Asker: 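Input: one structure, supplied below.
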Amino acid sequence: MQNKQKHYSIAIDGPAGAGKSTIAKLVAKELRFIYVDTGAMYRAMGLLILKEGIDIGEEEAVGDFCEKAEVSLKYQEGRQQIYLNGENVTDSIRTEEAGKMASAVAKFKAVRAKMVDIQKKIADSNHIIMDGRDIGTVVLPFADLKIYLTAEVGVRAERRFKELTEKGIYCNIEEIEKDIIARDYQDMNREVSPLRQAEDAVLLDCSHLSIEEVAGSIIKLFREKLN
Ligand code: DC
């Protein structure tokens, strides 16, 4: 019998706006891994529910729509593209509204089961760095390295404010901070797979560190684990 090839995995979890995706992209580039942004998948589900005008309180209807939807990830020059029912929604999921809706649909068991299944399949056949809220605890419990990345809420709000302003999107920093707090509360207090630090995850607080410093630490930790 042929030995199955070992695929390496790094799991990054943490609250909204901690810089997970920016850092994960850098690490992926350096290690030549695929970066999987699982938040994008929940955002696509959130967008679907918004577009269809489904009442978010109707768990069964939300679950049905999400189960029937086709979500797939493709990679273009190393960049993740997300497709929802054949349409590329990579850019349209980036609004604050889609983020809030993503957090709301992510509470539902049926939605999570579908997303986790897709995520596990990707990890089965690629070297990956995956970020989200339940990666170290549920999706990749045997990841080679688990990181819990966080930063002070004020710092996270400021970073998100800067990012949106640079894109020409009008926003208010107090509103952003309020939204971040509400979203974290919802993600940390849901019944199914709440956001929490896995027991074997390394805690990194990046409030006063640069992106490069954090990415460098993760790469170092990963290489140490392999030796
Ligand atoms: O990472 P993000 O901000 O794009 O994620 C959007 C929302 O999706 C987040 O508030 C909670 C949900 N999410 C989740 O529940 N589990 C994941 N693995 C990733 C995201």
Side-chain angles (χ1 to χ4, degrees), residues 9-25 28 35-50 56 59 62-63 66 69 71 73 79-82 84 89-123 128-141 143 146-151 153 155-157 159-161 163-164 167 169 171 176-198 201 206:
S9 56
I10 301 178
I12 305 191
D13 290 300
K20 298 185 294 294
S21 70
T22 314
I23 288 159
K25 276 181 204 157
Y35 164 53
V36 184
D37 168 5
T38 63
M41 299 169 71
Y42 291 95
R43 281 170 181 267
M45 291 296 99
L47 194 69
L48 174 76
I49 298 309
L50 273 175
I56 191 65
E59 176 166 357
V62 173
C66 291
V71 186
L73 301 183
R79 285 186 18 224
Q80 176 179 297
Q81 303 291 313
I82 180 152
L84 172 65
V89 292
T90 312
D91 294 329
S92 42
I93 57 170
R94 288 291 142 211
T95 62
E96 289 301 289
E97 201 187 12
K100 277 192 218 169
M101 203 56 164
S103 176
V105 297
K107 287 192 299 206
F108 299 138
K109 211 171 172 178
V111 178
R112 300 206 73 80
K114 177 173 173 134
M115 299 299 110
V116 170
D117 189 49
I118 300 173
Q119 291 154 12
K120 281 181 186 265
K121 283 191 181 125
I122 300 172
I128 51 140
I129 176 159
M130 189 179 272
D131 77 356
R133 305 295 189 285
D134 60 339
I135 311 304
T137 51
V138 176
V139 184
L140 303 173
K146 296 181 189 177
I147 303 289
Y148 190 85
L149 190 70
T150 188
V153 69
V155 173
R156 291 189 276 129
R159 286 183 188 157
R160 175 110 336 146
F161 174 78
E163 192 186 310
L164 292 171
K167 280 189 196 158
I169 301 170
C171 52
I176 292 182
E177 187 165 325
K178 255 203 275 167
D179 282 354
I180 285 180
I181 293 170
R183 191 133 73 85
D184 288 349
Y185 183 85
Q186 180 154 260
D187 294 343
M188 288 172 175
N189 291 285
R190 65 183 174 221
E191 246 169 69
V192 198
S193 314
L195 166 63
R196 61 177 178 81
Q197 183 180 340
C206 65

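Each ligand, and each atom within it, is numbered from 1 in the order the structure gives. What you see is a predicted model; the values in this text were computed from it and never measured.
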Asker: Tell me the protein heavy atom at minimum distance from atom 16 (N) of ligand 1, and give that distance in Å.
Answerer: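 Ranked first by proximity to atom 16 (N) of ligand 1 is Arg112 NH2, 3.0 Å.
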
Asker: Hey, looking at atom 1 (O) of ligand 1, which of Lys20, Arg183, Glu96, Arg133 has the closest heavy atom?
Answerer: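 That would be Arg133.
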
Asker: Kindly indicate, with the supporting measurements, whether the criterion side chain to side chain contact (heavy atoms under 4.5 Å, CB included) is fulfilled by Ile122 and Gln119.
Answerer: CA-CA 5 Å; Ile122 300 172; Gln119 291 154 12; 5.6 Å; no

Asker: Please report which non-hydrogen protein atom sits nearest to atom 8 (O) of ligand 1, along with the residue it belongs to and the distance in Å to one decimal place.
Answerer: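 In this structure, atom 8 (O) of ligand 1 has Tyr42 CB, 3.5 Å as its nearest protein heavy atom.
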
Asker: Can you tell me which residue and heavy atom of the protein come closest to atom 12 (C) of ligand 1, and the distance to 0.1 Å?
Answerer: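 Scanning the protein heavy atoms, the shortest distance from atom 12 (C) of ligand 1 goes to Ala106 CB, 3.8 Å.
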
Asker: Heavy-atom contacts under 4.0 Å between Arg190 and ligand 1: side chain, backbone, both, or neither?
Answerer: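 Only the side chain of Arg190 comes within reach of ligand 1.
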
Asker: What part of Arg43 sits under 4.0 Å from ligand 1 if we count only heavy atoms: the side chain, the backbone, both or neither?
Answerer: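 It is the side chain that touches ligand 1; the backbone stays farther off.
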
Asker: Do me a favour and list the nearest non-hydrogen protein atom to atom 19 (C) of ligand 1 with residue, atom name and distance?
Answerer: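 Sorting protein heavy atoms by distance from atom 19 (C) of ligand 1 puts Thr38 OG1, 3.4 Å first.
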
Asker: For ligand 1, which atoms have a heavy atom of Ala102 less than 4.0 angstrom away?
Answerer: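 So the atoms of ligand 1 that pass are 6 (C), 7 (C), 8 (O).
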
Asker: Taking atom NZ of Lys120 and atom CE of Met130, what is their separation to the nearest 0.5 Å?
Answerer: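 Atom-to-atom, Lys120:NZ and Met130:CE are 10.0 Å apart.
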
Asker: Any idea which atoms of ligand 1 are less than 4.0 Å away from a heavy-atom of Gly132?
Answerer: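 Counting from 1, the qualifying ligand atoms are 17 (C), 18 (N), 19 (C).
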
Asker: Glu96 and Leu164: which non-hydrogen atoms are nearest, and at how many Å?
Answerer: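 Closest approach of Glu96 to Leu164: OE2-CD1, 3.9 Å.
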
Asker: For Thr90 and Arg94, work out which heavy atoms get closest and say how close.
Answerer: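 Nearest heavy atoms, Thr90 then Arg94: O-CG, 3.8 Å.
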
Asker: Using heavy atoms and a 4.0 Å limit, tell me yes or no: is Met41 in contact with ligand 1?
Answerer: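 Met41 does not count as a contact of ligand 1 under the 4.0 Å cut-off.
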
Asker: Are Arg112 and Asp134 close enough for a salt bridge, meaning some N to O gap below 4.0 Å?
Answerer: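 Yes, charged N to carboxylate O under 4.0 Å.
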
Asker: Looking at NZ of Lys20 and CD1 of Ile12, how far apart are the two atoms once the value is rounded to the nearest 0.5 Å?
Answerer: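 That separation rounds to 9.0 Å.
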
Asker: Taking side chain as C-beta onward, heavy atoms only, is Ile181 less than 4.5 Å from Glu177?
Answerer: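 Touching, per the 4.5 Å side-chain cut-off.
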
Asker: I need the minimum non-hydrogen distance between Ala28 and Tyr35, along with the two atoms involved.
Answerer: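 Nearest pair, atom of Ala28 first, then Tyr35: CB-CB, 3.8 Å.
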
Asker: Would Asp131 count as a polar contact of ligand 1, with the cut-off being nitrogen or oxygen pairs under 3.5 Å?
Answerer: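 For ligand 1, there is no N or O atom that lies under 3.5 Å from one belonging to Asp131.
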
Asker: Any atoms of ligand 1 less than 4.0 Å from a non-hydrogen atom of Asp187? List them with their elements.
Answerer: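 Those atoms are 9 (C), 10 (O), 11 (C).
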
